[in-house]
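To keep things clear, I will list the structure first and then write my remarks on it.
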Amino acid sequence: MLSVFNTLTRQKEPFKPITPGVVKMYVCGPTVYNYIHIGNARSAIAFDTIRRYFEYRGYHVDYVSNFTDVDDKLIKRAAEDHTTVPAVADRFIQAFMEDTAAVNIEPATAHPRASENIPEIIAFVQVLIDKGYAYESAGDVYYRARKFKNYGQLSDQRIDDLEVGASQHTADEETDRKEDPIDFALWKAAKPGEISWDSPWGAGRPGWHIECSVMSTKYLGDTFDIHGGGQDLEFPHHENEIAQSEAKTGQKFANYWLHNGFVTVGDDNEKMSKSLGNFVTVHDIIKTVDPQVLRFFMATTQYRRPIQYTQGNLDEAANNLDKLRNAYRNLTFRLKDATTGADETVSAQLKTLTDNFVTAMDDDFNVQNGVAAVYELAKLANVYAAKTTVQSDTLTALSETLEALAGVFGVTLAAPANASLADDAIQALIDEREAARQAKNFAKADQIRDDLKAQGIILEDTPQGVRFRKE
């Protein structure tokens with residue numbers, strides 16, 4: 001049975017969806033004032049991999065991930081760029097979609113924006129006021145944190161020990177307007193010139209935390225299966241989401257809380273920071289790094305573990321991905337001379353490896369053990385493809401399984417469709433080389449081989465003919 005580590009209970013629990021066969025999952029998305037950095041990407045890739053595994057196991061996944069498109073950071077960026085907050089948001093939402101598509105992250109079922117849900121946010125806040133959980137003060141609206149009896153449970157903290165001003169979205173000058181320093185903002189009164197919407201408390205904009213409570217329950221219901229995000233969101237963001245959501249609905253907010261680990265940069269394991277000069281965006285990385293390599297590197301570290309972003313680790317991921325692609329190509333290459341039928345011994349080995357993959361991934365998405373089973377499958381594929389006689393059903397089963405398991409990690413093994421024209425040109429040169437060899441014009445044959453090698457095309461002579469691979 002599939003089990004997940006629930007941050008709320010701090011233990012692994014069997015996963016039991018509210019609706020059989022359906023997973024309702026909400027993952028906090030970015031604040032869209034800049035390109036996403038590798039920390040953002042780590043969360044997006046981790047939960048996309050989890051989503052893909054649920055889908056591999058036959059679940060339908062309703063996956064919602066928001067955009068925070070109104071916030072102090074966007075207001076500051078708009079002022080710096082001499083433009084509007086919506087223009088900044090539109091620019092970086094478009095960049096987010098392009099950069100995440102490059103690393104093969106599936107679009108969410110819904111990508112709601114805070115600015116598109118203002119009426120729902122206002123109505124949500126009003127209910128909290130009516131129930132006594134919130135109060136208006138000088139145009140702001142604050143949540144009475146101490147009134148919620150389980151406040152601090154998710155992050156395993158006592159309310160009296162919580163730091164004042166823990167949220168970067170709550171300014172220190174607000175303290176005087178609060179009944180209690182630990183209270184947090186649901187609605188913020190607009191400052192002169194800021195973007196705002198009319199509300200019962202005056203012109204203003206939503207606080208950070210309320211957005212996710214509104215959008216998650218709007219799309220997934222008052223109680224849903226999984227809420228995910230980075231470890232840095234446990235407190236105060238997710239803690240506040242629980243408090244305001246459960247106070248409003250009287251229902252449990254999310255049954256399972258999943259949090260991904262941090263990313264460090266360089267061999268010294270430094271925390272990513274602009275001041276340290278190691279702030280890395282996906283937009284810049286994929287200019288020089290194969291996006292599939294970046295995806296494979298991040299997807300094959302268990303989501304709760306930290307990731308060390310280094311060139312060495314990227315190189316290792318590139319080599320491992322290339323091994324999987326070569327195994328897939330070996331299987332495809334042998335289809336042209338395969339006999340009909342299936343090898344029952346190999347079929348049994350394939351089933352064992354697939355079962356090993358499922359067992360690993362069912363254990364809180366243990367991708368390290370899962371990908372180990374995929375590497376063993378690649379070895380099996382290479383051994384079988386090297387046999388003198390191979391059978392088409394077994395080749396197909398091996399290649400389809402290898403492709404499906406790699407797909408859980410978000411990588412593709414087949415050559416992209418736009419590579420076929422170039423591959424045809426390469427094959428024409430290989431044919432020309434073979435004709436030169438037949439004519440004993442070895443100088444020309446060697447020249448064609450060397451020219452291809454200079455372009456990163458390696459020729460391999462096999463008993464079944466010449467094949468090529470790209471470095």
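On a predicted model such as this, the values are computed, not experimentally measured, just so you know. Values below: all heavy atoms of this structure, side chains included; hydrogens, waters and symmetry mates excluded.
At least one donor-acceptor pair under 3.5 Å links the side chain of Asp183 to the backbone N or O of Ala145. A donor-acceptor contact shorter than 3.5 Å links the side chain of Ser216 to the backbone of Ser213.
When ring centroids are compared, Phe357 and Tyr56 come within the 6.0 Å threshold.
Side-chain contact of Thr281 with Asp284: a donor-acceptor pair under 3.5 Å is present, judged by distance alone. In summary, the side chains of Arg295 and Thr49 do present a donor paired with an acceptor at a separation below 3.5 Å, with no hydrogens or angles considered. Of the N and O atoms on the side chains of Tyr151 and Asn240, at least one donor lies less than 3.5 Å from an acceptor on the other residue. Of the N and O atoms on the side chains of Ser155 and Glu239, at least one donor lies less than 3.5 Å from an acceptor on the other residue.
Annotation: cation-pi geometry not satisfied between Arg177 and Tyr142 (NZ/CZ under 6.0 angstrom from ring centroid, within 45° of ring axis). Cation-pi geometry between Arg51 and Tyr63 is satisfied (NZ or CZ under 6.0 Å from the ring centre, within 45° of the ring normal). In this structure, Lys147 is positioned above the aromatic face of Tyr133, its NZ or CZ under 6.0 Å from the six-membered ring centre and within 45° of the axis.
Side-chain contact between Gln244 and Ile210: present, with at least one pair of heavy atoms (C-beta onward) separated by less than 4.5 Å.
Partners of Asp62 by salt bridge (Lys or Arg N to Asp or Glu O under 4.0 Å), not counting sequence neighbours: none found.
Taking the six-membered ring where the residue is Trp, Tyr256 and Phe15 present tilted rings, their angle falling between 30° and 60°.
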### Task
Show your working on side-chain contact (heavy atoms from CB on, under 4.5 Å) between Ile129 and Trp201 and close with a plain yes or no.
CA-CA 11 Å; Ile129 291 175; Trp201 322 288; 3.3 Å; yes
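For the pair Arg146 and Asp180, the salt-bridge criterion is met [side-chain N within less than 4.0 Å of a carboxylate O].
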